[in-house]
Amino acid sequence: QKIEKLRMEDIATILQRYSGKVDQDQEKRDEVRKVTKEITQLTKKINSVMLQVHSQRAGDHPLTVVTKAKTLIPEINAQFQSLLKLVKTERDSAKFANMWKSSITQFCFNYAFMVWLEHGKLVTLEEVEVVLGLALPDKMETDQQKKDEVFKSIEVEIEDYLTGLCMMPSEMSRLIVNRATIGDYEMVLKLVGFMNDLYAGFQLLNLKNDFLRKKYESIKYDIKKAEEIVYDLSIRGLLPKK
């Protein structure tokens, strides 16, 4: 009995050492969860604003919606700055990454959509990181090693970026319906052209991730829907002549 009692005391002593660490980890987890909850809410707000492009009337331009959505970006940037103060190491990043992963994917999608509507080009992963405050613009920092040290605790993963891009064609096929309805046939052709270019670009990648591959393969169905609308407009002689 005496030996058993000593063993129990030893076990209790050992485990007691980690009591403070358990409390610290839980406290940090709660703080990270609080910030990521705000980030999730902001991405939902941006998405809600961007959905307005599907209900525009003749004479309305998608840029009015983009401008409104972009006013929320400084807020989401500020939340990521708060997150960077909590997640200071790659170990922290690995532990908590699932808390912000889906929000980053959603932001990649919406921001890529914004950039295309405003500039007609595909946003890069690096540009997404800059706008979120997870990296500095090249012109502001030339010391690559210093830049990596400061910002690598949180980053936009390539798979999250690509998944966000794969979500664009579905939204674009919806936008085609709206633009065709209000007679913006030039925009319809630009949308279809980009969707085809994006699909062709993805075909160059050797995707191992099953989820991402399925997302990419779904693009062809969005293109099919879009091209059916273009074909109908063509038959009716409504498309602008080249």
Side-chain angles (χ1 to χ4, degrees), residues 15 17-51 66 68-115 122-137 141 146-171 205 207-216 218:
L15 293 181
R17 294 182 204 164
Y18 306 113
S19 176
K21 182 167 178 56
V22 170
D23 292 340
Q24 289 175 4
D25 281 357
Q26 187 58 49
E27 184 178 338
K28 176 172 278 193
R29 184 177 295 276
D30 290 342
E31 290 175 343
V32 170
R33 183 179 288 111
K34 183 178 178 180
V35 176
T36 54
K37 185 177 180 181
E38 290 297 320
I39 291 173
T40 299
Q41 290 301 315
L42 285 167
T43 55
K44 288 180 177 178
K45 283 184 181 180
I46 291 173
N47 191 64
S48 179
V49 172
M50 290 302 295
L51 286 173
V66 172
K68 186 177 178 181
K70 286 174 71 175
T71 62
L72 294 167
I73 290 179
E75 293 183 47
I76 202 167
N77 180 299
Q79 292 299 328
F80 270 104
Q81 299 316 300
S82 297
L83 195 58
L84 282 168
K85 293 175 183 178
L86 295 170
V87 183
K88 298 179 180 179
T89 66
E90 290 187 14
R91 183 179 179 183
D92 284 342
S93 181
K95 187 185 296 183
F96 303 124
N98 284 337
M99 291 189 186
W100 62 75
K101 186 178 178 70
S102 62
S103 293
I104 284 184
T105 298
Q106 189 68 32
F107 182 82
C108 285
F109 152 61
N110 278 306
Y111 189 63
F113 197 21
M114 287 184 218
V115 169
L122 181 66
V123 73
T124 66
L125 184 153
E126 291 77 14
E127 287 170 333
V128 175
E129 288 192 323
V130 168
V131 81
L132 288 176
L134 303 178
L136 290 173
E141 181 60 79
K146 181 179 178 181
K147 190 163 65 170
D148 286 347
E149 288 175 354
V150 174
F151 294 104
K152 285 305 176 184
S153 61
I154 302 175
E155 59 186 349
V156 177
E157 299 290 343
I158 182 66
E159 290 181 352
D160 297 334
Y161 164 73
L162 292 176
T163 300
L165 297 188
C166 286
M167 295 163 68
M168 286 179 68
S170 176
E171 208 69 8
L205 303 178
L207 300 176
K208 301 292 187 180
N209 183 303
D210 288 341
F211 174 78
L212 182 54
R213 190 168 64 249
K214 288 178 181 177
K215 278 284 188 182
Y216 142 67
S218 70

Output all residues satisfying side-chain contact (heavy atoms from CB on, under 4.5 Å) with [X], sequence neighbours left out; order by chain, then residue number.
X: Leu125; answer: Glu129, Val156, Ile158, Tyr161
X: Ser48; answer: none
X: Thr89; answer: Arg91, Asp92
X: Val66; answer: Met50, Leu63, Lys70, Met114, Leu117, Glu118

Spacing of [atom1] belonging to [X] relative to [atom2] belonging to [Y], to within rounding of 0.5 Å:
X: Leu42; Y: Gln79; atom1: CG; atom2: CD; result: 6.0 Å
X: Phe80; Y: Ile154; atom1: CZ; atom2: CD1; result: 7.0 Å
X: Thr105; Y: Asn110; atom1: OG1; atom2: CG; result: 11.5 Å
X: Glu31; Y: Leu83; atom1: CD; atom2: CG; result: 11.0 Å
X: Asn77; Y: Leu134; atom1: CG; atom2: CG; result: 8.0 Å
X: Tyr111; Y: Ile73; atom1: OH; atom2: CD1; result: 5.5 Å

Heavy-atom closest contact (Gly164 atom, Cys108 atom, distance):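 Closest heavy-atom pair between Gly164 and Cys108: CA-CB, 4.3 Å.
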Partners meeting side-chain hydrogen bond (donor to acceptor under 3.5 Å, both in side chains) with Gln26 (sequence neighbours left out):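 In terms of side-chain hydrogen bond (donor to acceptor under 3.5 Å, both in side chains), with neighbours along the sequence ignored, Gln26 is linked to Asp30.
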Name all residues meeting the side-chain hydrogen bond (donor to acceptor under 3.5 Å, both in side chains) criterion together with Asn209; count only those two or more places apart in sequence or in a different chain, and write none if there are none.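 In terms of side-chain hydrogen bond (donor to acceptor under 3.5 Å, both in side chains), with neighbours along the sequence ignored, Asn209 is linked to Glu159.
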Could you walk me through whether Phe107 and Val131 pass the side chain to side chain contact (heavy atoms under 4.5 Å, CB included) check? CA-CA 10 Å; Phe107 182 82; Val131 81; 3.6 Å; yes
Side chain to side chain contact (heavy atoms under 4.5 Å, CB included), that's the test. Do Leu212 and Cys166 meet it? Break it down for me. CA-CA 8 Å; Leu212 182 54; Cys166 286; 4.1 Å; yes
Could you check if a side-chain atom of [X] sits within less than 4.5 angstrom of a side-chain atom of [Y], using non-hydrogen atoms only?
X: Leu205; Y: Leu162; value: yes
X: Tyr216; Y: Pro169; value: no
X: Val87; Y: Lys28; value: no

Check ring pair (Phe, Tyr, Trp, His ring centres under 6.0 Å) between [X] and all other residues, then give those that pass, not counting sequence neighbours.
X: Phe113; value: none
X: Phe109; value: none
X: Phe96; value: none

Counting only N and O atoms by type, is there a donor-acceptor contact under 3.5 Å from the side chain of Glu75 to the main-chain atoms of Leu72?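 No, Glu75 side chain to Leu72 backbone: no donor-acceptor pair under 3.5 Å.
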Would you say the side-chain atoms of Ser170 pair up with the backbone N or O of Met167, donor to acceptor, closer than 3.5 Å?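 Not a single qualifying donor-acceptor pair exists.
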So, using salt bridge (Lys or Arg N to Asp or Glu O under 4.0 Å) as the criterion, who are the partners of Arg213 when residues are at least two apart?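 Listed in chain order: Asp210.
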Filter on salt bridge (charged side-chain N to carboxylate O under 4.0 Å, His left out), then keep only pairs touching residues 101-114, sequence neighbours left out; what's left?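 Checked against salt bridge (charged side-chain N to carboxylate O under 4.0 Å, His left out) - neighbours excluded - the pairs reaching residues 101-114 are Lys101-Asp160.
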Selection residues 37-46 - residue pairs positive for side-chain hydrogen bond (donor to acceptor under 3.5 Å, both in side chains), sequence neighbours left out: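 Only Thr40-Ser103 qualify under side-chain hydrogen bond (donor to acceptor under 3.5 Å, both in side chains).
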